[in-house]
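Residue numbers begin at 1 in each chain, while the letters A, B, ... track the order of the sequences.
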There are 2 protein chains.
Amino acid sequence: MVGPKARQQDTLFVSSLEKGMRILEAFSEDKTEFGLADLVKVTGLEKSAAQRYANTLYELGYLEKNPETRRFRPSVKYLEMAYSYLWADYLAQLAMPRLIDLSRQTSQTINMAEPIGTDIIYVVRMPNHRTNFGASAIGRRVPALVASSGRVILSRQSDQAIRDAVSTWPTRQYTQRTTMDRGAILDNILMAREKGYCTTQGQVLPDEVNVAAPICSIDGIPVGAIHCSLPSIRWTIERAEEEIAPLVVEAAQSIVPSR
Amino acid sequence: MVGPKARQQDTLFVSSLEKGMRILEAFSEDKTEFGLADLVKVTGLEKSAAQRYANTLYELGYLEKNPETRRFRPSVKYLEMAYSYLWADYLAQLAMPRLIDLSRQTSQTINMAEPIGTDIIYVVRMPNHRTNFGASAIGRRVPALVASSGRVILSRQSDQAIRDAVSTWPTRQYTQRTTMDRGAILDNILMAREKGYCTTQGQVLPDEVNVAAPICSIDGIPVGAIHCSLPSIRWTIERAEEEIAPLVVEAAQSIVPSR
DNA sequence: GTACGCTGTATTACAATACAATACAAGATG
DNA sequence: CATCTTGTATTGTATTGTAATACAGCGTAC
């Protein structure tokens with residue numbers, strides 16, 4: 001990580017752009033609307049800076065402004081960026097037909113995730129039962145240690161990498177049942193390594209059973225995961241392992257990106 | 001529209017940020033990777049400017065860089081922005097459960113679109129049959145006059161607005177069957193107004209029949225549309241009108257945003 | 001083999017641009 | 001009605017981004 005001091009002296013780093021991106025990034029699941037004063041608090045910018053950058057993003061069409069409250073919100077331009085990304089994402093392109101098939105076969109919610117740092121991010125989501133919408137939107141990041149997708153991706157890495165991740169990567173308590181015991185997480189990952197898939201229950205959403213299988217490139221490096229999310233009212237882990245896991249594993253194995 | 005001259009004198013407009021966003025926006029369905037020289041061509045920036053802005057976005061994690069080819073591509077951060085937007089989009093939150101139901105009822109591809117200027121943009125996509133992935137990704141923009149969703153949104157506007165749109169808004173020939181005759185487009189819109197839904201065939205993708213219905217706010221303003229996409233090998237417009245249209249209309253009417 | 005064109009990278013001195021500090025207006029709050 | 005907090009607008013100043021340039025690596029052509 002490069003510190004702010006090093007960056008200030010780096011003539012190839014345009015700090016004005018960073019400040020603008022700070023504003024763009026301020027919006028999150030907690031806060032979807034900001035007045036100017038709020039932006040100052042969240043971004044740490046000066047009042048006049050926040051004013052200029054927010055105004056610029058507004059003129060460029062990235063932010064909308066409620067004329068009454070004068071608060072800013074992300075515009076639909078945020079979505080256009082997702083489109084640009086998806087076109088460039090070789091894995092998503094490759095996986096999509098298989099995900100559609102899997103969705104039809106199982107009639108359950110199917111997701112595809114990719115690793116990013118210590119998190120995973122959902123790239124494709126195909127909901128099949130009503131659930132919290134926000135939780136099932138594209139682009140969501142979840143700590144890899146918590147999500148079944150993250151764990152199953154880890155399970156294909158070296159012992160050393162797994163141990164490092166389990167002991168140092170962040171976790172977060174999403175539900176009452178979210179496992180905060182790192183030993184238990186390690187066990188779950190090692191189990192996933194043996195079985196070829198990872199099962200979890202209630203880690204991110206309270207009433208869900210999850211089954212995840214890794215997508216590996218031709219040289220065996222895990223580059224993503226497919227995961228199936230089942231309502232725990234009707235599914236036990238055991239039944240999921242029997243009926244769903246083989247399908248998820250098969251779909252994941254049929255996707256072999258060359259890079 | 002504010003011209004560049006006016007902007008240069010506007011002290012509230014940070015042109016450095018605009019240049020950075022130009023780089024971010026350079027990536028599209030046609031071009032998913034850019035070297036520095038390509039960026040210069042596409043964005044119109046000076047070489048050194050392109051260098052600094054691309055480098056900044058790289059350090060901030062928005063762009064990835066292929067170490068061999070030294071070309072830039074959008075990173076998964078593009079997707080995170082979609083997440084921020086979807087959390088803030090009241091209509092998407094509201095519609096999601098109904099879209100899931102509709103997807104299960106019909107077993108067909110269901111989309112939700114919102115108007116943006118003279119285009120519509122796909123906000124929710126639930127594919128149910130194999131298709132060109134890129135064409136079915138979130139965030140895609142299509143001219144409103146071409147897409148069934150766009151036409152059905154227009155059909156709920158005033159005569160004057162419809163006539164203005166049909167005569168001045170842009171169209172684009174996506175397939176051989178895409179209607180470029182504006183008179184025919186007007187007829188289709190007026191038909192949609194009568195029926196309450198809009199049907200089209202092969203406008204955006206060659207082998208597709210589409211049925212779209214408008215989502216209107218409590219005061220009758222069209223704010224979006226649901227559309228169902230059917231493979232034309234197995235569906236005629238007539239059969240779609242009989243079996244699918246009532247379901248789509250019902251779903252759309254059950255969504256009544258208060259703002 | 002070397003000369004050339006094309007990349008991407010790195011370093012300058014300079015001035016244009018973003019800056020902080022203001023002052024003002026308009027609601028909200030007490 | 002007084003006061004606080006919000007968003008808006010202006011200005012002189014220097015910080016910051018700038019264009020120009022030089023360099024290195026690579027492939028192509030002669």
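A perpendicular orientation is assigned to the rings of A:Phe27 and A:Tyr78, their planes being inclined by more than 60° (bins at 30° and 60°).
Cation-pi geometry between B:Lys19 and B:Tyr53 is not met: the NZ or CZ atom fails to fall both under 6.0 Å from the ring centre and inside 45° of the normal.
Note that CE of A:Met96 and CE of A:Met112 are 9.0 Å apart. Values are rounded to the nearest 0.5 Å.
Of the residues near DNA chain D, A:Leu17 and A:Gly35, the one whose nearest nucleotide (by heavy atom distance) lies more toward the 5' end is A:Gly35. Heavy-atom nearest nucleotides on DNA chain D were determined for A:Phe72 and for A:Val14, and the one closer to the 5' end corresponds to A:Phe72.
Minimum atom distance to the side chain of A:Leu12 is reached by C:dT11, of the listed D:dT6, D:dT8, C:dT11. Nearest nucleotide to the A:Ser15 side chain, out of D:dG7, D:dG17, C:dA18: D:dG17.
In this structure, A:Leu36 places its CG atom 15 Å from C1' of C:dA26, rounding to the nearest Å. Put simply, CD on A:Glu68 is 10 Å from P on C:dA28, counting in whole angstrom units. Between the CG atom of B:Asp10 and the C1' atom of D:dA9 there is a distance of 10 Å, rounded to whole Å. Atoms CZ (A:Phe13) and P (D:dT15) sit 19 Å apart, rounded to a whole Å. Put simply, CZ on A:Arg71 is 13 Å from P on D:dT8, counting in whole angstrom units. B:Asn55 places its CG atom 13 Å from the P atom of D:dT18, with the value rounded to the nearest Å. Spacing between atom CG of A:Asp38 and atom P of D:dT5 amounts to 14 Å, rounded to whole angstrom units. For the pair A:Glu18 CD and C:dA18 C1', the computed distance is 15 Å after rounding to whole Å.
Contact annotation: A:Ser16 side-chain N/O to C:dA18 OP1/OP2 distance is not under 4.0 Å. OP1 and OP2 of D:dT10 both lie 4.0 Å or more from every side-chain N or O belonging to B:Thr11.
Contact annotation for B:Tyr53: backbone-only contact, meaning every heavy-atom pair under 4.0 Å involves sugar-phosphate atoms and none involves a base.
A:Glu25 has a carboxylate O that lies under 4.0 Å from a charged side-chain N of B:Lys77, or vice versa, which qualifies the two as a salt bridge.
A donor atom on one side chain and an acceptor atom on the other are not found under 3.5 Å apart for A:Gln203 and A:Arg172. Remark: the B:Asp89 side chain and the B:Gln93 side chain contain no N/O donor-acceptor pair separated by less than 3.5 Å.
Across A:Leu94 and A:Val256, no two heavy atoms sit closer than the pair CD2-C, 4.1 Å.
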So which protein N/O to nucleotides 19-21 of chain D N/O distances come out below 3.5 Å?
{"residue": "D:dA19", "atom": "N7", "partner": "B:Ser48", "partner atom": "OG", "Å": "2.8"}

